[in-house]
Amino acid sequence: MALRFAFDMGTASLGWAVYELDEKGLPARLRNCGSRIFNDGRDPQSGEANAKLRREPLAMRRRQDRYIQRRRHVMACLIDVGLMPEDERERKDLVQLNPYKLRAHALREALPLYHLGRAFFHINKRRGFKSNRKTDLSENNAKESGAMADAAKRLSERLEREGYETLGAFLYARQKHQDVRQRQPVRIRMDADNKQELYEFLSLTANAGGGI
């Protein structure tokens, strides 16, 4: 005897039924039926999907892995073209050099190749990120992008007004004062007091590839 299986699939349930068919292929008798109710996979208090608790740490690990992979690739390229030494101990010694100072001095004087490589590697380390995912084009992200665009414009005008040829020269000027109390940070954390300046620094790192 021919049978027909029917299913009703919902977001948190599954209904099923088994029919016996007659000679014409039409349902003749219900043999059995039932349903299964599943947990909807959400936190009962917050209502957020439990998968989010796994997805966010996974995304963080992926970003970290890609960051490390990118640094290794850049270092391999720098070694291949002679801008970094092959010896690991020599590369570690170069970490002691101030990359902002190297980037500023490279505008006026020739640097040793390894010093130039140190500056390039630092730019790669501090480079920004611009997402092209459609899911990132939400209303809130659009507002953030507008604030970033305004900050980038203010920063460009400031560099031109104050006579800085590159971002590296601008950053070095913030930290080169002999008096430690007069030095300004080159990396800013988010808080209520410096949110506007933070956007300028985010636009800095996002465009770090535009000049040494």
Side-chain angles (χ1 to χ4, degrees), residues 63-132 136 141 144-191 193-212:
R63 284 195 296 269
Q64 180 68 13
D65 291 342
R66 290 168 182 168
Y67 170 73
I68 294 174
Q69 184 180 19
R70 185 179 71 245
R71 291 188 64 187
R72 289 175 177 171
H73 177 71
V74 171
M75 179 60 71
C77 291
L78 292 174
I79 294 174
D80 187 56
V81 298
L83 292 178
M84 274 291 181
E86 296 185 7
D87 186 77
E88 184 177 359
R89 288 176 298 180
E90 293 183 35
R91 295 199 299 270
K92 289 184 177 180
D93 291 340
L94 293 173
V95 176
Q96 307 302 322
L97 300 176
N98 184 337
Y100 298 109
K101 182 177 181 180
L102 296 176
R103 291 167 64 176
H105 286 191
L107 296 170
R108 299 287 179 267
E109 60 188 66
L111 296 181
L113 290 180
Y114 291 166
H115 291 191
L116 193 60
R118 165 68 172 133
F120 284 140
F121 187 72
H122 180 262
I123 291 175
N124 167 74
K125 183 178 180 181
R126 298 296 181 210
R127 74 160 181 78
F129 168 76
K130 181 177 181 180
S131 175
N132 59 1
D136 290 340
N141 286 326
E144 292 292 308
S145 299
M148 289 281 291
D150 293 340
K153 182 179 179 181
R154 291 195 306 270
L155 179 61
S156 297
E157 293 173 350
R158 180 179 178 182
L159 295 179
E160 183 176 358
R161 182 175 63 252
E162 298 181 10
Y164 294 109
E165 297 179 67
T166 64
L167 302 177
F170 168 73
L171 292 173
Y172 179 57
R174 291 178 62 92
Q175 63 168 206
K176 71 177 183 179
H177 294 285
Q178 294 183 353
D179 188 346
V180 177
R181 294 171 297 181
Q182 296 183 14
R183 294 177 184 174
Q184 297 174 290
V186 294
R187 298 183 68 191
I188 294 180
R189 304 299 182 185
M190 172 69 79
D191 59 48
D193 296 329
N194 60 20
K195 186 173 181 179
Q196 182 172 352
E197 190 176 15
L198 173 71
Y199 280 125
E200 293 191 9
F201 272 71
L202 288 176
S203 64
L204 257 173
T205 56
N207 293 281
I212 194 168

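Around CZ of R72, the count of heavy atoms belonging to other residues, nucleotides or ligands within 6.0 Å does not exceed 12. Open room surrounds CD on Q69; 12 or fewer heavy atoms of other groups in view lie less than 6.0 Å from it.
A heavy-atom distance below 4.5 Å is found between the side chains of L97 and H115. Counting heavy atoms from C-beta outward, M84 and R118 have side chains that approach closer than 4.5 Å. Contact annotation: the side chain of L102 never approaches that of H122 to less than 4.5 Å [non-hydrogen atoms, C-beta and beyond]. R91 is not listed as a side-chain neighbour of Y114, based on a closest heavy-atom distance of 4.5 Å or more.
The two residues P85 and L94 come nearest to each other via the heavy atoms CD-CD1, 3.7 Å. The two residues Y100 and Y172 make their nearest non-hydrogen contact at O-CB, 3.5 Å. Of all the heavy atoms in G117 and L78, the pair that sits closest is O-CD1, 3.7 Å. The nearest pair of heavy atoms linking G168 to A104 is O-CB, 4.5 Å.
The distance from atom CZ of R154 to atom CZ of R161, rounded to the nearest 0.5 Å, is 11.0 Å. The distance from the CD atom of E86 to the CG atom of D80 is 9.0 Å, given to the nearest 0.5 Å. Once rounded to the nearest 0.5 Å, the distance linking CG of L171 with CZ of R103 reads 6.0 Å. Once rounded to the nearest 0.5 Å, the distance linking CG of L111 with CG of L83 reads 11.0 Å. Put simply, CG on N124 and OH on Y67 are 7.5 Å apart, with the number rounded to the nearest 0.5 Å. Atoms CZ and CD1, from R70 and I68 in turn, are 10.5 Å apart once rounded to the nearest 0.5 Å.
In summary, E162 and R158 engage in a salt bridge, as defined by a charged side-chain N under 4.0 Å from a carboxylate O.
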